[in-house]
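As structure tokens, the structure follows; a few thoughts come after it.
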2 protein chains.
Amino acid sequence: MSQFKNATVTKAANVYYEGKVTSRTVLLENGEKVTLGIMLPGSYEFGTDGPEIMEILSGDLRVLLPGEQEWLEIQGSATFNVPGNSSFKLEIRTVTDYCCSYPTM
Amino acid sequence: MSQFKNATVTKAANVYYEGKVTSRTVLLENGEKVTLGIMLPGSYEFGTDGPEIMEILSGDLRVLLPGEQEWLEIQGSATFNVPGNSSFKLEIRTVTDYCCSYPTM
């Protein structure tokens, strides 16, 4: 799906790491929230409240998921899941475009 | 207005200047297009096809509009118009959040 229809978009951006990571919050027609974001090259760590599904639309990066020893390598597009109440590390090599969704139970 | 309702959001980002300027394309309920974007500190120049209305949501920057000698200083939020078939220069001092609309005649 390349577009979200009948969505509510919050105008103001979410800004992290001095703008090296930014996103827009979108409320979907089914009530679910997603954020569409960009990560510039660098190393980041993000905590989660609830579980998250990270869809990498494009980019070259690696991800260290909670409890894992091995980094997950991603070139191009891929999706990974992050459990709630945890955190994950990212090492971004090229500008990375992502869509993060927050599944409600 | 802090949100756009019943909008269509294109998932993939628009990326310029190696990710230092990025935006998302949003089609509004009335059919008008806007882009919600972020500019990181730096100097940029953008061309226009049709006229554009640039709403700065937050940031510290200055803008040189076509045909002008004096730079337009912006701290915080402001709106400026750019004629079509022209270009404008920006010098971004702090992470700047913007909404650009493309009025159709």
Side-chain angles (χ1 to χ4, degrees), chain A residues 1-44 53-61 76-79 90-102, chain B residues 1-44 53-61 76-79 90-102:
Chain A
M1 186 192 4
S2 65
Q3 287 184 324
F4 295 119
K5 293 186 184 300
N6 301 315
T8 298
V9 188
T10 300
K11 268 172 97 168
N14 310 304
V15 180
Y16 312 95
Y17 289 97
E18 294 160 359
K20 295 181 76 175
V21 179
T22 59
S23 68
R24 301 283 165 177
T25 301
V26 180
L27 208 56
L28 303 186
E29 203 174 11
N30 65 5
E32 211 176 292
K33 180 183 98 164
V34 301
T35 50
L36 291 170
I38 288 279
M39 298 184 273
L40 297 189
S43 299
Y44 311 108
I53 302 170
M54 277 285 285
E55 178 190 6
I56 303 299
L57 304 172
S58 62
D60 181 342
L61 64 149
S77 59
T79 298
L90 304 117
E91 287 184 1
I92 308 297
R93 299 187 188 102
T94 63
V95 177
T96 294
D97 191 4
Y98 71 87
C99 176
C100 183
S101 44
Y102 306 78
Chain B
M1 184 193 359
S2 65
Q3 286 184 324
F4 294 120
K5 295 188 183 298
N6 301 315
T8 298
V9 188
T10 300
K11 269 174 94 168
N14 310 304
V15 179
Y16 311 94
Y17 288 97
E18 295 161 357
K20 295 181 77 175
V21 179
T22 59
S23 68
R24 301 283 166 179
T25 300
V26 179
L27 207 56
L28 304 186
E29 202 173 11
N30 65 4
E32 210 175 291
K33 180 183 96 165
V34 301
T35 49
L36 291 171
I38 289 279
M39 297 184 275
L40 296 188
S43 300
Y44 311 107
I53 301 169
M54 276 285 285
E55 178 190 4
I56 302 298
L57 303 172
S58 61
D60 181 342
L61 64 150
S77 59
T79 299
L90 305 118
E91 286 185 1
I92 307 297
R93 299 188 190 100
T94 64
V95 178
T96 293
D97 191 4
Y98 72 87
C99 176
C100 183
S101 41
Y102 305 79

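Worth saying up front: this structure is predicted, and the values here are computed from it rather than measured. Letters go in sequence order (proteins before strands), and every chain restarts at 1.
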Name the region of A:Glu18, side chain, backbone, both or neither, that has any atom closer than 4.5 Å to a heavy atom of chain B. backbone

Heavy-atom distance under 4.5 Å to chain B: side chain of A:Leu40, backbone, both or neither? side chain

Sort A:Val9 into side chain, backbone, both or neither according to what part of it lies under 4.5 angstrom from a heavy atom of chain B. both

When rounded to the nearest 0.5 angstrom, what is the spacing between OG1 in B:Thr8 and CD in A:Gln3? 6.0 Å

Under 4.5 Å from any heavy atom of chain A - which part of B:Leu57: side chain

Could you have a look at A:Thr96, A:Val26, A:Val95 and say which one has the most heavy-atom pairs with chain B under 4.5 angstrom? A:Val95

Shortest non-hydrogen separation from B:Arg24 to A:Asp97 and the atoms involved: NH2-OD1, 2.7 Å

Output the distance between atom OG (A:Ser23) and atom CG (B:Leu36), rounded to the nearest 0.5 Å. 11.5 Å

Between B:Glu55, B:Glu29, B:Lys20, B:Met39, which has the largest tally of heavy atom pairs under 4.5 Å with chain A? B:Glu55

Considering only heavy atoms from C-beta outward, does the side chain of A:Val15 approach that of B:Ile38 to under 4.5 Å? yes

Bottom line for B:Thr22: the part with an atom under 4.5 Å from chain A's heavy atoms is side chain

SG of A:Cys99 to NZ of B:Lys11: how many Å apart, nearest 0.5 Å? 5.0 Å

